[in-house]
Every structure is written in C-alpha cells, then in structure tokens.
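Notes to accompany the following structure.
Only heavy atoms go into these numbers, but all of them, side chains included; no hydrogens, no water, no symmetry mates. None of the values given here were measured: they were computed from a predicted structure.
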Amino acid sequence: MAKLKWGMIGGGEGSQIGPAHRLGALADGRFELAAGALDHRPEAGREYAQRLGVSADRAYGDWKEMLAGERDREDRVDLVTVATPNSTHFEISKAFLEAGFNVLCEKPMTVTVEEGEELVRIAEKTGRICAVNYCYSAYPMVRQARAMVANGDIGKVRLVVTAFSHGHHGDATDADNPRVRWRYDPAMAGVSGQFADCGIHALHMASFICNDEVETLSADFASCIASRELEDDAMVNFRMSGGTVGRLWTSSVAIGRQHGFEVQVFGETGGLRWFSEQPNQLIYTPVGGRTQIIEKGEGGLYDEASRLSRVAIAHPEGFPLAVANIYCDLADAISGEQRDSLPLAADGVRSMAAVHYSVASAKQGGVWVDARPPMYR
C-alpha cells in the first residue's frame with residue numbers, strides 16, 4: 001500500500017507537541033512527511049524540515065507559501081496537520097479545507113464558537129475530513145471502555161466523573177514565567193485558561209466514552225493565584241442528552257498531582273475507571289461482583305481496543321502511540337474506511353461552545369446554561 005503524503009504546519013524544533021505528531025504519523029508506515037512549514041521563522045522552518053527529510057522545494061517558510069506550493073501539485077499532501085498557536089487554527093484550517101485538503105487540527109480547534117461552526121460547514125461542503133487531536137480518546141483501553149458502554153456491559157450510564165488536574169502552575173512565585181503567564185492572559189489564551197487548556201480534554205472524554213453530548217452545564221471558575229486574570233481551577237457540572245449526570249474538575253494548582261487525567265463511568269450494572277498515568281489498564285466492577293483489571297493486549301478485548309495495541313501485554317504504550325492511533329484512523333478514513341471514533345470538527349465546536357458557555361455560567365454565579373453550539377440546538 002502506497003504511503004499517504006503528510007504535511008505539517010507548526011510543531012518545529014523544540015516544540016512540545018511536534019515530536020508526538022511526527023512519531024505518531026510515521027509509526028505505522030501509513031504516512032510520509034512530504035511537506036512542512038514548521039516554524040514562525042521562515043529560514044529556521046525550512047532548514048529543520050530538510051533535516052527531517054523534506055525536499056527543499058517542499059520545505060516552506062510559512063503556511064501561505066505551503067498552500068500555494070501544494071495546491072496544484074499532482075502529488076500534493078493527503079493530510080495537513082495544524083499545530084500552531086490557538087489563534088491561528090481557524091484561518092489555516094479554513095484555507096486548506098477550502099482548497100480540498102484533509103486537516104488534523106490541534107485543540108482547541110478555534111477560539112470562537114462561530115469559527116468552529118464555519119469549519120463544520122466547510123468540511124461538509126467540501127467533503128474533506130476536519131479532525132481534532134483529542135488523542136487521549138485513542139488509547140486502546142479508552143476505546144475498550146467506549147465499546148463496553150456501547151455493548152451495554154455496564155447498563156445504562158447514570159453518572160460520569162472526570163478530572164484533568166495537575167500542580168505544575170501552582171507556584172505563585174513562578175506566575176510571571178513567560179511559559180506560564182500566557183496561559184492566563186486573555187490577550188493570548190482567549191476567554192478561558194485551565195478549562196480551555198485541559199478541561200475540554202476531560203469533557204470530550206466523557207462524551208466520547210458515553211457516546212453522548214453535553215446539553216447543559218453549570219460552572220464555577222477560580223483564580224487561586226490572584227494575579228491571574230483567567231481561571232486556574234474550575235468545577236463544571238453538566239447534564240448529557242441521554243440523561244447522564246456529569247461532574248468535571250480541572251486545575252493547574254493541584255500540587256502533588258502530575259498529569260491527573262481520569263474518567264469514571266457508573267452504569268446500572270457496573271462501573272469503569274481509566275487513569276492516564278496507568279493507561280494500559282481499565283478498571284471494571286460489575287454490580288455485586290469483584291473489581292477486575294482489564295489489561296491492554298489481553299485476549300477477549302473488543303476490536304476497537306485490540307486493533308490499536310501494537311506491543312505485547314505488560315509492555316507500555318505511551319502518548320505518542322495514542323497520537324499514532326489518531327493517524328491510523330485518519331489513514332483509514334482518507335482511504336474510505338469510516339472510523340466513527342475519529343474526533344471531528346463537530347467535536348471541536350462542541351468543546352469551544354462548552355468553554356464559552358462555562359465562562360458565561362461562572363460569571364453569573366454558576367447558573368445552568370445551554371452548552372450546545374447554536375447549530376446543534
């Protein structure tokens with residue numbers, strides 16, 4: 001099978017997310033890195049792309065040059081990954097979708113609900129894929145949890161509790177560190193700090209595993225470090241369309257927690273728990289029965305979990321391979337094999353709506369608000 005051609009915008013040398021995308025995209029031999037505009041400094045981006053094996057004529061100085069260079073090529077890229085600052089996601093994704101390219105955008109997909117809705121409509125109109133990198137949903141045991149819920153293994157879901165909390169921004173004396181400060185500056189981060197950064201991963205995970213959508217929510221935001229304009233801690237209660245009750249906590253000042261991303265799903269006949277720091281295990285408790293540990297790679301898993309496990313049981317699979325699973329699903333989708341577990345633009349706009357309406361709720365003392373984007377009401 002011929003490799004699909006892949007291009008990347010952003011994610012240059014020294015970036016946090018760039019290596020995970022490159023490891024993920026290339027892990028299974030489904031893609032080859034054919035083009036890139038990897039840095040806001042044109043010459044640095046060109047030089048780094050060539051070191052990664054991109055030919056000189058496809059090592060671009062910026063995304064506009066890449067769009068112009070790739071648009072009319074017979075061998076143009078099949079997929080473009082957008083891994084640039086949040087405020088640029090919409091403009092770049094829109095331009096490439098309208099030119100007929102498939103796009104994988106880093107989260108958050110946009111900074112406004114209106115921009116998100118426009119990307120949904122453009123993807124529908126062009127027939128191109130617009131995916132969002134909610135890569136935690138691609139861990140094999142998360143896919144197992146989703147399949148167990150869909151199969152009725154824990155009965156109708158009553159309650160989902162999720163958290164994404166760490167303590168790495170908990171030192172008030174470090175509040176002016178430029179690598180930290182921008183996350184709580186509305187001019188750079190937008191309307192939300194911690195919830196838009198980490199909380200939307202937790203919210204998406206709840207929707208993903210339950211295969212349901214958040215309908216209403218009530219939020220309480222706090223800036224535990226008083227100098228911060230945006231929240232560094234948030235609690236969001238929500239209700240889903242199917243009647244499930246949801247609780248979400250996200251924080252960056254929870255000193256002692258490292259990654260702190262977990263989800264618990266409680267149904268009528270059983271419960272499930274997944275924790276990102278032990279991603280190879282899914283904890284399952286049937287009603288009236290003993291708690292069990294389901295291990296990645298063991299026999300009897302649902303296909304959605306087993307097809308995405310690459311190494312033998314007891315050997316860990318980490319974050320880059322979760323990203324790789326997103327690329328596997330993208331390769332299948334581009335080749336015409338539908339993957340309903342692939343996070344798409346609809347998921348991205350629902351997340352952005354949740355951010356904006358959580359902000360509105362918190363400003364009004366936690367009133368319950370409709371969390372759905374207008375296009376889905």
Problem set entry | Whether over 12 other heavy atoms sit under 6.0 Å from Arg290 CZ |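 Not buried by this count: 12 neighbours or fewer within 6.0 Å.
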
Shortest non-hydrogen contact between [X] and [Y], atoms and distance:
{"X": "Pro140", "Y": "Asn325", "result": "CD-ND2, 4.0 Å"}
{"X": "Ala324", "Y": "Ala27", "result": "CB-CB, 4.0 Å"}
{"X": "Asp212", "Y": "Gly243", "result": "OD2-N, 4.4 Å"}
{"X": "Ser207", "Y": "Val214", "result": "OG-CG2, 3.9 Å"}
{"X": "Arg257", "Y": "Ala163", "result": "NH2-CB, 4.3 Å"}

Exercise. Which other residues belong to the hydrophobic cluster containing Ile283, where Ile, Leu, Val, Met, Phe, Trp and Tyr are joined when side-chain heavy atoms lie under 4.5 Å apart, directly or via other members?
Worked result: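 For the cluster that includes Ile283, the remaining residues are Ile293.
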
Problem set entry | Nonpolar side-chain network containing Leu230, other nodes, edges under 4.5 Å |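 Leu230 shares its hydrophobic cluster with Val180, Tyr184.
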
For this session: Would you mind listing every ring pair (Phe, Tyr, Trp, His ring centres under 6.0 Å) that reaches into residues 355-377, with sequence neighbours excluded?
Result: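 For residues 355-377, and leaving out neighbouring residues, there are no ring pair (Phe, Tyr, Trp, His ring centres under 6.0 Å) pairs at all.
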
So does [X] pair up with [Y], basic N to acidic O under 4.0 Å?
{"X": "Arg30", "Y": "Asp78", "answer": "no"}
{"X": "Arg146", "Y": "Glu304", "answer": "no"}
{"X": "Asp370", "Y": "Arg372", "answer": "yes"}
{"X": "Arg228", "Y": "Asp185", "answer": "no"}
{"X": "Arg183", "Y": "Asp197", "answer": "yes"}
{"X": "Glu43", "Y": "Arg41", "answer": "no"}
{"X": "Glu98", "Y": "Lys125", "answer": "no"}
{"X": "Asp347", "Y": "Lys107", "answer": "no"}

Exercise. Do Phe208 and Tyr134 have ring centres separated by under 6.0 Å?
Worked result: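 Distance test on ring centres: not under 6.0 Å, no.
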
Exercise. For the ring pair Tyr139 and Phe319, is the centre-to-centre distance below 6.0 Å?
Worked result: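 Centroid separation for Tyr139 and Phe319: 6.0 Å or greater.
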
Euclidean distance, [Y] [atom2] relative to [X] [atom1], rounded to 0.5 Å:
{"X": "Thr84", "Y": "Ile9", "atom1": "OG1", "atom2": "CD1", "answer": "7.5 Å"}
{"X": "Asn133", "Y": "His201", "atom1": "CG", "atom2": "NE2", "answer": "7.5 Å"}
{"X": "Ser358", "Y": "Leu203", "atom1": "OG", "atom2": "CG", "answer": "7.5 Å"}
{"X": "Leu282", "Y": "Glu295", "atom1": "CG", "atom2": "CD", "answer": "10.0 Å"}
{"X": "Met148", "Y": "Met141", "atom1": "CE", "atom2": "CE", "answer": "8.5 Å"}

Ignoring hydrogens and angles, tell me if any N or O in the side chain of [X] forms a donor-acceptor pair with the backbone of [Y] under 3.5 Å.
{"X": "Asp232", "Y": "Ile225", "result": "yes"}
{"X": "Arg181", "Y": "Asp176", "result": "yes"}
{"X": "His259", "Y": "His166", "result": "no"}

Judged by modelled atom types alone, do [X] and [Y] share a side-chain donor-acceptor pair under 3.5 Å?
{"X": "Asp153", "Y": "Tyr302", "result": "yes"}
{"X": "Ser165", "Y": "Thr250", "result": "no"}
{"X": "Ser223", "Y": "Glu231", "result": "no"}
{"X": "His204", "Y": "Tyr136", "result": "no"}

For this session: Evaluate the criterion side-chain contact (heavy atoms from CB on, under 4.5 Å) for residue pair Glu277 and Gln258; output intermediate values, then yes/no.
Result: CA-CA 9 Å; Glu277 292 179 28; Gln258 295 301 318; 3.7 Å; yes

Problem set entry | side-chain contact (heavy atoms from CB on, under 4.5 Å) involving Ala202 - partner list, sequence neighbours excluded |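 With sequence neighbours excluded, Ala202 shows a side-chain contact (heavy atoms from CB on, under 4.5 Å) to Thr162, Phe164, Leu248, Phe261, given in chain and number order.
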
Problem set entry | Residues Ile200, Val355; criterion side-chain contact (heavy atoms from CB on, under 4.5 Å); working and verdict | CA-CA 8 Å; Ile200 57 173; Val355 168; 3.4 Å; yes

Problem set entry | Partner residues of Phe101 under the ring pair (Phe, Tyr, Trp, His ring centres under 6.0 Å) criterion, sequence neighbours left out |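 Ring pair (Phe, Tyr, Trp, His ring centres under 6.0 Å) list for Phe101, sorted by chain: Phe96.
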
Exercise. Looking at Val82, Leu342, Ile326, which one forms a side-chain contact (heavy atoms from CB on, under 4.5 Å) with Leu104?
Worked result: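 Filter result, single survivor: Ile326.
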
Pair up each side-chain donor or acceptor in residues 111-123 with any protein partner under 3.5 Å, not counting sequence neighbours, and list the distances.
unit_1: Thr112; atom_1: OG1; unit_2: Glu115; atom_2: N; d: 3.0
unit_1: Glu115; atom_1: OE1; unit_2: Val111; atom_2: N; d: 3.3
unit_1: Glu117; atom_1: OE2; unit_2: Met375; atom_2: N; d: 2.7

